[in-house]
Amino acid sequence: MARKGKQGIWTDIEMDGKLVDFFENEAPAQLRQARKNAVKAMGMIWSDEAKEITRRGDHIDTGLYINSIGYATDRGEESHPINRLSETKYKTELTIGADISYASHLEKRYNIFARGLDNGERRMQQQAEFQVKKAFGMDMSDFVFDGMETTEE
C-alpha cells in the first residue's frame, strides 16, 4: 500500500540473495539498468496520472502546467518539467514535478500528485516488474515486489 509523504515514495524490489550476488558479480550494468528502467517507467505513469487528473478536473485549464509535469507532453509549449534521475550503488532516485510558479499552490489545494500516485500505484508496480524482467530477458519468479512506501527523510 502506498502512503504519501513529503519526500516521495519508495518501491522495494527484493530478490533472492544468491541471485543478487550473481548479477552484481556477473552483470552489474544489467542490474543497474533494470533498476533505472523500472524507476523511469514508474515516474512516467505517475506523471501521466497527474496530467490526466489535471485535464479531468475543472480546477485548472493550462497546457503549460500539464506540459511541465514530469516530462514535456507538447514541445510547442515553454515548460521545464522536473525530471532528475540520480543513482548510487543500491539506490535509484527519480525526482519529478512541475516547474511552474503556481504548481505548489495547485498541489496544496487539489493534491494532484498525491491523487496521481493513488490512481497509478498498481500500474506502477506492474510496469516496474515488467521492466526488471525485460532487462534480464528471463522469467524472474524469484522477484518479490512488496509494494510502495514513502519516506520522511
Side-chain angles (χ1 to χ4, degrees), residues 1-57 59-60 65-74 79 81-100 103-104 106-153:
M1 178 168 82
R3 295 182 310 265
K4 285 148 288 302
K6 293 181 182 177
Q7 299 299 317
I9 64 167
W10 287 94
T11 298
D12 293 325
I13 301 171
E14 297 179 2
M15 292 190 301
D16 174 85
K18 290 179 184 176
L19 194 58
V20 172
D21 290 342
F22 170 79
F23 284 117
E24 283 183 347
N25 293 324
E26 301 297 323
Q30 194 174 7
L31 185 61
R32 282 189 305 277
Q33 191 63 45
R35 190 176 66 196
K36 187 176 180 177
N37 291 350
V39 169
K40 281 182 169 182
M42 292 171 68
M44 291 288 287
I45 292 168
W46 193 0
S47 295
D48 287 345
E49 289 293 337
K51 289 171 189 262
E52 184 58 31
I53 287 167
T54 304
R55 283 185 197 102
R56 277 194 324 256
H59 52 267
I60 184 74
Y65 177 68
I66 290 170
N67 198 34
S68 72
I69 298 173
Y71 65 92
T73 306
D74 177 10
S79 70
I82 298 172
N83 189 313
R84 291 185 297 270
L85 190 73
S86 61
E87 294 184 278
T88 64
K89 185 173 181 178
Y90 296 107
K91 179 178 171 182
T92 301
E93 184 174 291
L94 177 64
T95 303
I96 63 170
D99 189 17
I100 298 293
S104 63
L106 291 175
E107 184 61 25
K108 287 176 187 172
R109 186 165 180 188
Y110 300 110
N111 296 315
I112 295 167
F113 278 89
R115 290 169 43 212
L117 174 60
D118 287 342
N119 293 354
E121 178 182 3
R122 183 178 175 95
R123 283 183 44 224
M124 291 167 70
Q125 290 174 351
Q126 291 170 339
Q127 189 57 233
E129 182 176 354
F130 173 79
Q131 290 296 328
V132 170
K133 288 179 178 180
K134 181 180 170 186
F136 290 113
M138 59 178 94
D139 176 29
M140 300 299 288
S141 58
D142 292 328
F143 279 96
V144 177
F145 290 84
D146 66 355
M148 295 187 284
E149 298 178 5
T150 59
T151 182
E152 298 281 341
E153 289 183 345

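Predicted model, so just to flag it, every value in this text is computed and none were measured.
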Practice prompt. Identify, with sequence neighbours excluded, every residue that meets side chain to side chain contact (heavy atoms under 4.5 Å, CB included) alongside Thr95.
Written response: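 Thr95 satisfies side chain to side chain contact (heavy atoms under 4.5 Å, CB included) with Ile82, Arg84, Glu93 once adjacent residues are dropped.
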Worksheet item: Of all residues at least two apart in sequence or in a different chain, which pass the side chain to side chain contact (heavy atoms under 4.5 Å, CB included) check with Glu24?
Response: Val20, Asp21, Leu31, Tyr90
Please confirm whether the backbone N or O of [Y] pairs with a side-chain atom of [X], one donor and one acceptor, at under 3.5 Å?
X      : Y      : result
Trp46  : Gly116 : no
Gln30  : Ala135 : yes
Lys36  : Thr92  : no
Glu107 : Ile112 : yes
Arg55  : Ile66  : no

Would you give the length of the straight line joining atom [atom1] of [X] to atom [atom2] of [Y], rounded to the nearest 0.5 angstrom?
X      : Y      : atom1 : atom2 : result
Lys51  : Met44  : NZ    : CE    : 8.0 Å
Asn83  : Ser47  : CG    : OG    : 6.5 Å
Leu106 : Thr54  : CG    : OG1   : 7.5 Å
Ile53  : Asp118 : CD1   : CG    : 8.0 Å
Lys40  : Ile96  : NZ    : CD1   : 13.5 Å
Lys134 : Gln127 : NZ    : CD    : 8.0 Å

Practice prompt. Please determine if Lys91 and Glu87 form a salt bridge, counting it only when a charged side-chain N lies under 4.0 Å from a carboxylate O.
Written response: no
Worksheet item: Less than 4.0 Å between a side-chain N and a carboxylate O, is that true for Arg123 and Glu49?
Response: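 Between Arg123 and Glu49 there is a salt bridge, with a charged N closer than 4.0 Å to a carboxylate O.
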Worksheet item: Is there a side-chain contact between Glu52 and Asp48, using heavy atoms and a 4.5 Å cut-off?
Response: no
Fill in: Side-chain heavy atoms of Ile100 within contact of Ser68, under 4.5 Å
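Of all side-chain heavy-atom pairs linking Ser68 with Ile100, at least one is under 4.5 Å.
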Discussion item. Could you tell me if Glu129 and Gln125 have a donor-acceptor pair between their side chains, going purely by distance under 3.5 Å?
Written reply: no
Worksheet item: Would Val132 and Asn37 satisfy side-chain contact (heavy atoms from CB on, under 4.5 Å), going step by step from the backbone distance to the final call?
Response: CA-CA 7 Å; Val132 170; Asn37 291 350; over 6 Å; no
Item to complete: Kindly write out the residues that satisfy side-chain hydrogen bond (donor to acceptor under 3.5 Å, both in side chains) with Asn119, not counting sequence neighbours, or none if the list is empty.
Response: none
Worksheet entry | Minimum-distance pair of heavy atoms, taken over all atoms of Phe113 and Gly97 |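 Nearest pair, atom of Phe113 first, then Gly97: CZ-CA, 3.8 Å.
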